[in-house]
Colleague: 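One structure is given below, represented as structure tokens, and several questions about it will come after.
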Amino acid sequence: MLDLKKIRENPDEVLKLLHQRNTDYQLQPILDLDSQQREMQSVRTELQARSNEIGKIIGEKMRQVGANPQREKIQNLKEEGNQVKAKLAQLEPEERELKAKLEALLLELPNLPSETTPMGKNETENIEVRRWGDEFIPDGSHILPHGEIGEKLGIIDSQRAVKVAQSRFVALIGMGAALERALINFMLDRQIEAGYIEVMPPVLINSEALKGTGQLPKFAEESFKCENDDLWLTPTAEVPVTNLYSQEILEGEKLPIYHCAYTPCFRREAGSYGRDMRGLIRLHQFNKVELIKLVRPETSAEEHEKMVNNAEAILQALKLPYRVIELCTGDIGFSAAKCYDLEVWLPSANTYREISSCSNCHDFQARRANIRFKDKGKKGTDYVHTLNGSGLAVGRTMAAILENYQQCDGTIKVPDVLQSYVKTDCIG
RNA sequence: GGAGAGGUGGCCGAGCGGUUGAAGGCGCAGCACUGGAAAUGCUGUUUGGGGGUAACUUCAACGAGGGUUCGAAUCCCUCCCUCUCCGCCA
């Protein structure tokens, strides 16, 4: 959520930044509602002050003289109290409605891009920051797409998974399951070494949590919802882990907080019919190890770079070629002020595919989820900055391994760092 | 799922219709005392919105939302959550 005060005081600047996202958001309705609301508030506040005053006077009189004498004066005051109350009863719902409308509009506004986010209208204007591991790019001529080789080796079974669920689900069998589990453990072990505290959060989460990180109200159709409860299947661990701290005032010295979390993630993938129908790239359920940070505002840019490095370290350890993309203003996500994507080399497609997305949300989520910090001895509070990044998407990492480590005989070499986890050096 | 208890400030804990943003204690900060410290004493110590350059001022908040009342932390209703016992269960 954007700072209403900032919108009020610098509407032109805010609007300019919003438009960098290549959208046509309007601020005027918000500004109008805001000034109406504030006007109404000052009227209401005065009435309430009078009402409080009447209550006090009556209280005093009752105590001084008991209930008996001066009854008339008290009656008059009570009468006035009733009149004030009647006016308030009229004003209050109106003001509440204004506030609700204002809030609804504010919740629909995306974050402002960071001043360091490159300008651009869509993904074609993203910037490649660096590339790693060109020397590990295999000769692609013999390489089968990961889905195909996986089915062939009997470690991915999508046909049977469809019977149990529907399309865009897979079952991992035998070494497939083992490799997935190995990747999860490996990623967690590395990130814990890098200083992240592991969390196993709920994966069924309520609406408030989704609102806190920005998935609601705008993107309801992206998530699976339980019919009988206010619970949703988490689309990413970012949601439950960040919201662990909602409504809290953290002690300044407890920051930064680093968390990593393995969870399955669930996404409806509405609007992507027909895309990536084979393999592990786009599933309704996939595993991910997520990195989450809550930091002091002045350190968030630096913490963001470090987080990207932590994600890259996994790809480097696995010797998977990748590149780092800095998303432009037209392509960053709703909650992000700045975002880097990591894209891994997929030889069968002869292209890089997103395997991690690392966002700095500044105080956008912290405002929605109301996560603040306070320094001892200083007065007042400030919103933390929240960051999240995949470290990494496990299914896509598996896909990358099945392709980049595919050998001419159709077997898969197990990356060195995983061999102790799966207890073999070759699959197939 | 059934029965009961409860949700108050950073924490513990009182208050159960009248000036209570909230006693008391702990913690924390400042000052005094001290050679220095402990102990002691004094003072201060929530958050959010509005107005004001500021000093300051005003409103709101005792799980959430309604209701009764001139006035609610206190009474009534609904919901949420926590705990205990029973049942069920990985």
Side-chain angles (χ1 to χ4, degrees), chain A residues 1-9 30-103 105-107 200-212 226 228-232 240 243-255 264 363 366-384:
Chain A
M1 188 142 67
L2 300 182
D3 184 2
L4 181 56
K5 210 176 272 176
K6 186 170 177 181
I7 295 177
R8 183 150 72 217
E9 283 161 12
I30 289 177
L31 292 169
D32 291 345
L33 283 172
D34 177 48
S35 73
Q36 277 179 55
Q37 190 275 122
R38 277 192 303 156
E39 207 171 302
M40 207 170 270
Q41 173 173 343
S42 80
V43 176
R44 192 206 72 221
T45 298
E46 266 174 54
L47 285 171
Q48 280 172 332
R50 178 58 187 159
S51 169
N52 289 343
E53 199 181 355
I54 291 169
K56 271 181 197 170
I57 297 170
I58 293 178
E60 255 168 72
K61 286 204 189 319
M62 301 275 277
R63 199 127 33 78
Q64 274 172 18
V65 297
N68 200 5
Q70 304 216 28
R71 254 202 272 132
E72 210 169 293
K73 274 193 182 160
I74 290 178
Q75 262 328 110
N76 287 343
L77 281 168
K78 283 190 180 182
E79 186 49 42
E80 191 188 343
N82 273 325
Q83 285 168 10
V84 170
K85 197 162 62 162
K87 280 187 208 154
L88 280 171
Q90 204 180 351
L91 269 181
E92 273 170 353
E94 278 182 54
E95 193 189 343
R96 222 175 306 142
E97 199 182 325
L98 277 179
K99 268 196 159 150
K101 275 189 197 162
L102 188 56
E103 160 106 354
L105 288 180
L106 281 173
L107 284 174
M200 277 208 184
V203 297
L204 288 184
I205 54 177
N206 60 36
S207 304
E208 200 52 33
L210 285 154
K211 192 176 106 186
C226 297
N228 295 323
D229 302 279
D230 177 29
L231 290 170
W232 306 63
N243 280 288
L244 242 27
Y245 297 96
S246 68
Q247 311 300 326
E248 290 194 32
I249 299 176
L250 303 164
E251 287 172 37
E253 64 234 51
K254 297 263 170 72
L255 298 177
D363 62 0
R367 282 180 189 281
R368 291 175 157 245
N370 199 18
I371 308 173
R372 293 169 290 169
F373 71 97
K374 178 175 165 53
D375 286 318
K376 256 204 181 115
K378 278 193 204 161
K379 66 173 177 190
T381 60
D382 198 4
Y383 290 102
V384 301

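Note that these values count all heavy atoms, side chains included, but never hydrogens, waters or copies made by symmetry. Below, chain A is the first sequence line, B the second, and so on; all start at residue 1.
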Colleague: Let's test this: given Watson-Crick or G-U wobble pairing with both distances under 3.5 Å, identify the partner of G6(B).
Modeller: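 Across any shown strand, G6(B) pairs with C81(B).
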
Colleague: So which nucleotide does G71(B) pair with, by the Watson-Crick or G-U wobble rule with both distances under 3.5 Å?
Modeller: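 No nucleotide pairs with G71(B).
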
Colleague: What distance, rounded to whole Å, do you find between the two P atoms, one in A39(B) and one in U53(B)?
Modeller: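 Straight-line distance between the two P atoms is 46 Å.
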
Colleague: Taking CD1 from I54(A) and P from U69(B), how many angstroms apart are they, rounded to a whole number?
Modeller: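 One finds 15 Å between P of U69(B) and CD1 of I54(A), rounded.
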
Colleague: Please give, in whole Å, the distance from A60(B) P to L88(A) CG?
Modeller: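 Atom CG in L88(A) sits about 10 Å away from atom P in A60(B).
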
Colleague: R368(A) side chain to L107(A) main-chain N or O, any donor-acceptor pair under 3.5 Å?
Modeller: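 Present.
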
Colleague: In whole angstrom, give the distance that lies between atom CD of E251(A) and atom P of C28(B).
Modeller: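 E251(A) atom CD is separated from C28(B) atom P by 12 Å.
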
Colleague: Side-chain contact test, heavy atoms from C-beta onward, threshold under 4.5 Å: evaluate it for Q37(A) versus K101(A) and give yes or no.
Modeller: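 A side-chain contact under 4.5 Å is absent here.
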
Colleague: Go nucleotide by nucleotide along RNA chain B from the 5' end; which of S51(A) and Q48(A) gets its closest nucleotide reached first?
Modeller: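 It is Q48(A), whose closest nucleotide lies nearer the 5' terminus.
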
Colleague: Report yes if at least one side-chain N or O of K85(A) is closer than 4.0 Å to OP1 or OP2 of C70(B); otherwise report no.
Modeller: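 Checking C70(B) against K85(A), a side-chain N or O does come within under 4.0 Å of OP1 or OP2.
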
Colleague: Using the 3.5 Å cut-off, write out each protein N or O paired with an N or O of nucleotides 44-53 of chain B and the distance between them.
Modeller:
| residue | atom | partner | partner atom | Å |
| --- | --- | --- | --- | --- |
| U47(B) | O3' | R372(A) | NH1 | 3.0 |
| U47(B) | O2' | R372(A) | NH1 | 3.4 |
| G48(B) | OP1 | R372(A) | NH1 | 3.3 |
| G48(B) | OP1 | T381(A) | OG1 | 2.7 |
| G49(B) | O2' | Q41(A) | OE1 | 3.4 |
| G49(B) | O2' | Q41(A) | NE2 | 3.4 |
| G49(B) | N3 | Q41(A) | NE2 | 3.4 |
| G50(B) | OP1 | R8(A) | NH2 | 2.4 |
| G50(B) | O4' | Q41(A) | NE2 | 3.1 |
| G51(B) | OP1 | R38(A) | NH1 | 2.5 |

Colleague: Using a 4.5 Å cut-off on heavy atoms from C-beta on, say whether the side chain of I205(A) contacts that of N243(A).
Modeller: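 Answer no - side chains too far apart.
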
Colleague: What is the distance, rounded to the nearest whole Å, between atom CD of E79(A) and atom P of G71(B)?
Modeller: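 One finds 12 Å between P of G71(B) and CD of E79(A), rounded.
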
Colleague: With both distances under 3.5 Å as the test, what is the Watson-Crick or G-U wobble partner of U47(B)?
Modeller: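 Partner of U47(B): A60(B).
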
Colleague: Counting only heavy atoms not in E39(A), do more than 12 fall under 6.0 Å of its CD?
Modeller: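 Atom CD in E39(A) is not packed in, count stays at 12 or less.
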
Colleague: Pick the C1' atom in A32(B) and in U84(B), then give their distance to the nearest Å.
Modeller: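 Approximately 50 Å lies between the C1' atom of A32(B) and that of U84(B).
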
Colleague: In whole Å, measure the gap between the C1' atoms of A22(B) and G9(B) for me.
Modeller: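 Each nucleotide's C1' atom is 8 Å from the other's.
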
Colleague: When you measure from the side chain of A49(A), which nucleotide among G18(B), C59(B), G71(B) comes out closest?
Modeller: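 Given the options G18(B), C59(B), G71(B), the side chain of A49(A) is closest to C59(B).
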
Colleague: G18(B) C1' sits how many Å from E60(A) CD, rounded?
Modeller: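 That distance rounds to 10 Å.
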
Colleague: Can you tell me if the side-chain N/O atoms of N52(A) get under 4.0 Å from OP1 or OP2 in A60(B)?
Modeller: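 Looking at the OP1 and OP2 atoms of A60(B), one of them is under 4.0 Å from a side-chain N or O of N52(A).
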
Colleague: Identify the nucleotide, in any strand shown, that forms a Watson-Crick or G-U wobble pair with G24(B), with both distances under 3.5 Å; if there is none, say none.
Modeller: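 Looking at the geometry, G24(B) pairs with C12(B).
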
Colleague: Is R96(A) near enough to A60(B) that one of its side-chain N or O atoms lies under 4.0 angstrom from OP1 or OP2?
Modeller: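 For R96(A), the contact criterion (side-chain N or O under 4.0 Å from OP1 or OP2 of A60(B)) is not met.
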
Colleague: Taking atom C1' of U69(B) as reference, at what distance in whole Å does atom CD of E80(A) sit?
Modeller: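 Interatomic distance, CD of E80(A) to C1' of U69(B): 16 Å.
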
Colleague: Do the side chains of V84(A) and K87(A) get nearer than 4.5 Å, heavy atoms only?
Modeller: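 Counting from C-beta outward, K87(A) and V84(A) never come under 4.5 Å.
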
Colleague: In terms of heavy-atom contacts, does CD of E248(A) have more than 12 from other residues, nucleotides or ligands at under 6.0 Å?
Modeller: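 Atom CD in E248(A) is packed in, count exceeds 12.
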
Colleague: Heavy-atom count check: over 12 atoms from other residues, nucleotides or ligands less than 6.0 Å from Q90(A) CD?
Modeller: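 Atom CD in Q90(A) is not packed in, count stays at 12 or less.
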
Colleague: Rounding to the closest angstrom, what is the interatomic distance between G25(B) and C79(B) at atom C1'?
Modeller: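 Here G25(B) and C79(B) have their C1' atoms 34 Å from each other.
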
Colleague: Using Watson-Crick or G-U wobble geometry with both distances below 3.5 Å, tell me the partner of U40(B), or none.
Modeller: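 Pairing partner, where one exists within any strand: A32(B).
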
Colleague: Pick the C1' atom in C16(B) and in C83(B), then give their distance to the nearest Å.
Modeller: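 One C1' to the other, the span is 22 Å.
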
Colleague: Roughly how far apart, to the nearest Å, are G44(B) and G7(B) at atom C1'?
Modeller: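 Each nucleotide's C1' atom is 29 Å from the other's.
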
Colleague: Measure the spacing between CZ of F373(A) and CD1 of I249(A) and express it to the nearest 0.5 Å.
Modeller: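 Those atoms lie 11.5 Å apart.
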
Colleague: Using a 4.0 Å heavy-atom cut-off across all strands, classify L77(A) as base, sugar-phosphate, or nothing.
Modeller: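 Touches nothing.
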
Colleague: Tell me: NZ of K78(A) to P of G18(B), nearest whole Å?
Modeller: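 Computing the K78(A):NZ to G18(B):P distance gives 14 Å.
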
Colleague: Sort out the partner of G87(B) for me: Watson-Crick or G-U wobble, both distances under 3.5 Å, none otherwise.
Modeller: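 Pair assignment: G87(B) / none.
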
Colleague: Mind calculating the distance between CD (E95(A)) and C1' (A60(B)) to the nearest angstrom?
Modeller: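 The distance from CD of E95(A) to C1' of A60(B) comes to 11 Å, rounded to the nearest Å.
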
Colleague: Determine the Euclidean distance between corresponding C1' atoms of U46(B) and A29(B); express it in Å to zero decimal places.
Modeller: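 Here A29(B) and U46(B) have their C1' atoms 15 Å from each other.
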
Colleague: In Å, rounded to the nearest 0.5 Å, how long is the span from CD of Q41(A) to CD of Q48(A)?
Modeller: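 One finds 9.0 Å between CD of Q41(A) and CD of Q48(A).
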
Colleague: Between A73(B) and G18(B), how many Å separate the two P atoms, rounded to a whole number?
Modeller: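 Going atom to atom, P in each nucleotide, I get 11 Å.
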
